[in-house]
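Below: the structure, in structure tokens.
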Amino acid sequence: MRGLVVALALLPLPAWAEFFTLKGHGGPIMGIATAPDGRIATASFDNSVGLWTGQTPEWLEGHEAAVNSVAFNGTAIYSAGDDFTLRRWPGGEIVGRHKGKIVGLAASTTHVATASWDGTIGLWPVDGSDPKMLGSTGSGVNAVVFSPDGSQLYSAGMDGALRIWDVANGQETNRLVEHGFGINELVLNAQDNWIAYGAVDGVTRILDLEAGGDRDFTLDRRPILALALSPDRSLLAVGDGEGYIMVIDTVEWRIVQDFRATLRGPVWALAFSVDGANLHAGGIDEAMYSWPVTTLSDQEQMASAEPSFLKNPDEMGNGERQFARKCSICHGLSPDSDRRAGPTLHGVFGRPAGTLPGYLYSDTLQDSDIIWNDETINALFDEGPDHYIPGSKMPMQRIAQPQDRADLIAFLRRATADRN
Ligand code: HEC
């Protein structure tokens, strides 16, 4: 058995046109980037970036919250996320900081740009010189993209405006669109003079940058969460909140594929492989799925391997259901279920807070003198983590009903204990 596992781990990524999955993350995949040398980087809700040249990734660890976006730039890799930081790998040094989540990244030869929910755009010179902050735009920025020569930056966000900025002086020079709803994603095809945007209300629109007209590929699904352009610029892939992927032929301007890619949950991330043969997708499932472009719609759905806790909630006891709905996205229950946003809860009863080896706790939890037991876990969700341990990385969440807390704790007692 072990021999088989090792052999699988050493398998290289398929060279072209095969369906494959990349497994190992412990949370949804929020961003995917591909490098010219074939490497794939995945940004995950589990706080890590996976760097894949085969089935076993190198884990880039350091972010203290979900990682939303990742980009290759020369020999460096940049990642950014819910901990407000922009980091450069290898090393994970913090090279930029916002006052809110960073949800979008773009790289040119001279700068990395960050789109942040603090309303600003960061322009971070790769040579380490002083950054420039563009805006505030007045509301969250979701997406940024450079013109090919790096002199202009396009941005879009919650206010629905598609702006152009001059990178040299940091000034807004033009506003192309005032969409009535927030814009989540941008793809620029400067060679063919168009920019595509995907919006909260399900709109997918392609704007002609020369003539000024637009093409509309809006279907009845929303929101649009991911866009990707094939390397030869002939295909535009669109992922949405209902788990579908639509592929538009940008030469004929027609929809060539439209299929349900996930059994549940959104498509958060899309990227074409460097050779254009495959389309990679990430979503609520913990694996990255990659389809050969030629056979997209006949392939397996991403979520065919559902995580085991996703039993039908009606068939679960109340405690298990509480866990599945309120905790399982961030916590595993077994000794080896790591790589989620929170530490595994295996063996948590009787454990002093903040002491699981290998997990990066907040200083607050590490320095507290709480011992986890029925009373302290009950108090944690009766008062809510923000009151019980202010400053911890736990999300604000209360479980109001005493019976729900009691059932959850009884379930945890069983599910976190050693089996044998
Ligand atoms: C969005 C992610 C998230 C959710 C949902 C979540 N947690 Fe957590 N949890 C965390 C993080 C992150 C930490 C580590 C906190 C820190 O370091 O400050 C944590 C820590 C803990 C700890 C302390 C573990 C230790 O080793 O000290 C317990 C106990 C815990 N969570 C229980 C739960 C339970 C029970 C639920 C569901 C009712 C839950 N959590 C839901 C993210 C989450």
Side-chain angles (χ1 to χ4, degrees), residues 24-28 30 43-50 57-68 79-102 117-118 286 322-323 326-399 405 408-409 411-418:
H25 275 298
M30 313 299 290
S44 170
F45 198 82
D46 73 2
N47 300 2
S48 71
V49 172
E58 180 186 336
W59 295 111
L60 309 181
E61 307 265 17
H63 278 288
E64 289 168 8
V67 193
N68 296 319
S79 63
D82 282 3
D83 63 358
F84 309 175
T85 68
L86 169 69
R87 291 170 193 255
R88 186 178 56 217
W89 310 90
E93 185 194 347
I94 297 177
V95 293
R97 212 184 265 280
H98 275 272
K99 295 194 174 73
K101 297 180 182 199
I102 304 174
W117 283 9
D118 68 10
E286 296 166 1
Q322 296 291 326
F323 180 80
K326 297 173 180 165
C327 325
S328 66
I329 190 143
C330 296
H331 290 289
L333 293 169
S334 65
D336 52 0
S337 57
D338 49 7
R339 315 219 60 78
R340 289 175 192 265
T344 177
L345 297 182
H346 180 82
V348 73
F349 287 88
R351 187 162 84 197
T355 57
L356 184 76
Y359 180 82
L360 276 173
Y361 288 96
S362 65
D363 293 343
T364 312
L365 200 64
Q366 219 158 1
D367 297 345
S368 89
D369 47 18
I370 298 167
I371 311 268
W372 294 119
N373 55 34
D374 294 17
E375 289 72 39
T376 51
I377 295 180
N378 182 62
L380 180 66
F381 293 103
D382 184 12
E383 298 171 28
D386 48 323
H387 289 108
Y388 189 65
I389 346 172
S392 97
K393 290 192 295 173
M394 280 272 267
M396 273 188 253
Q397 160 159 262
R398 287 192 57 216
I399 300 177
R405 293 196 302 272
L408 171 67
I409 289 164
F411 168 75
L412 285 175
R413 276 254 177 225
R414 289 196 306 277
T416 62
D418 277 317

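Quick note: numbers below take in every heavy atom, side chains included, and nothing from hydrogens, waters or symmetry partners. In this text the structure is predicted, and so the values were computed from the model without any measurement.
Leu333 pairs in a side chain to side chain contact (heavy atoms under 4.5 Å, CB included) with only one of the listed residues (Leu412, Thr344, Val348), which is Leu412. When Leu408, Ile409, Ile399 are each tested for a side chain to side chain contact (heavy atoms under 4.5 Å, CB included) with Asn378, only one passes: Ile409.
Using a 4.5 Å heavy-atom cutoff, the side chains of Asn68 and Ile102 are not in contact. Inter-residue side-chain proximity for Glu61 and Trp89 is flagged as unmet; no heavy-atom pair is nearer than 4.5 Å. Residues Thr376 and Tyr388 have side chains in contact (heavy-atom distance under 4.5 Å, counting atoms from C-beta outward). The shortest side-chain heavy-atom distance between Ser362 and Glu64 does not fall under the 4.5 Å cut-off. Side-chain contact between Phe349 and Ile377: present, with at least one pair of heavy atoms (C-beta onward) separated by less than 4.5 Å. Looking only at side-chain heavy atoms (C-beta outward), Arg413 and Asp374 come within less than 4.5 Å of each other.
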Output, in order, the C-alpha distance, side-chain angles, deciding distance and verdict of side chain to side chain contact (heavy atoms under 4.5 Å, CB included) for Tyr361 and Thr355.
-> CA-CA 8 Å; Tyr361 288 96; Thr355 57; 5.5 Å; no
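Going from atom OG1 of Thr85 over to atom CD of Glu93 covers 11.5 Å, rounded to the nearest 0.5 Å. Put simply, OG1 on Thr416 and CH2 on Trp372 are 13.0 Å apart, with the number rounded to the nearest 0.5 Å. Here CG of Leu380 is found 7.5 Å from OG of Ser392. Values are rounded to the nearest 0.5 Å. Rounded to the nearest 0.5 angstrom, Cys327 SG and Phe381 CZ are separated by 5.5 Å. Between the CG atom of Leu345 and the NE2 atom of His331 there is a distance of 5.0 Å, given to the nearest 0.5 Å. Here CG of Asp82 is found 7.5 Å from CE of Met30. Values are rounded to the nearest 0.5 Å.
The minimum heavy-atom distance between Pro385 and Met394, with the atom names listed, is CB-CB, 3.5 Å. Contact record, His63 with Ser79: NE2-OG, 2.7 Å, taken as the closest heavy-atom pair. Taking every heavy atom of both residues into account, His25 and Trp59 meet most closely at CE1-CZ3, 3.3 Å.
Side chain of Arg405 to backbone of Arg398: no donor-acceptor contact under 3.5 angstrom is found. Asn47 places a side-chain N or O within 3.5 Å of a backbone atom of Ala66 that can act as its donor or acceptor partner. Ser44 contributes a side-chain N or O that, together with a main-chain N or O of Pro28, makes up a donor-acceptor pair within less than 3.5 Å. Judged by distance alone, the side chain of His387 and the main-chain N or O of Glu383 form a donor-acceptor pair under 3.5 Å.
In Arg351, the CZ atom is crowded: over 12 heavy atoms of neighbouring residues, nucleotides or ligands sit closer than 6.0 Å.
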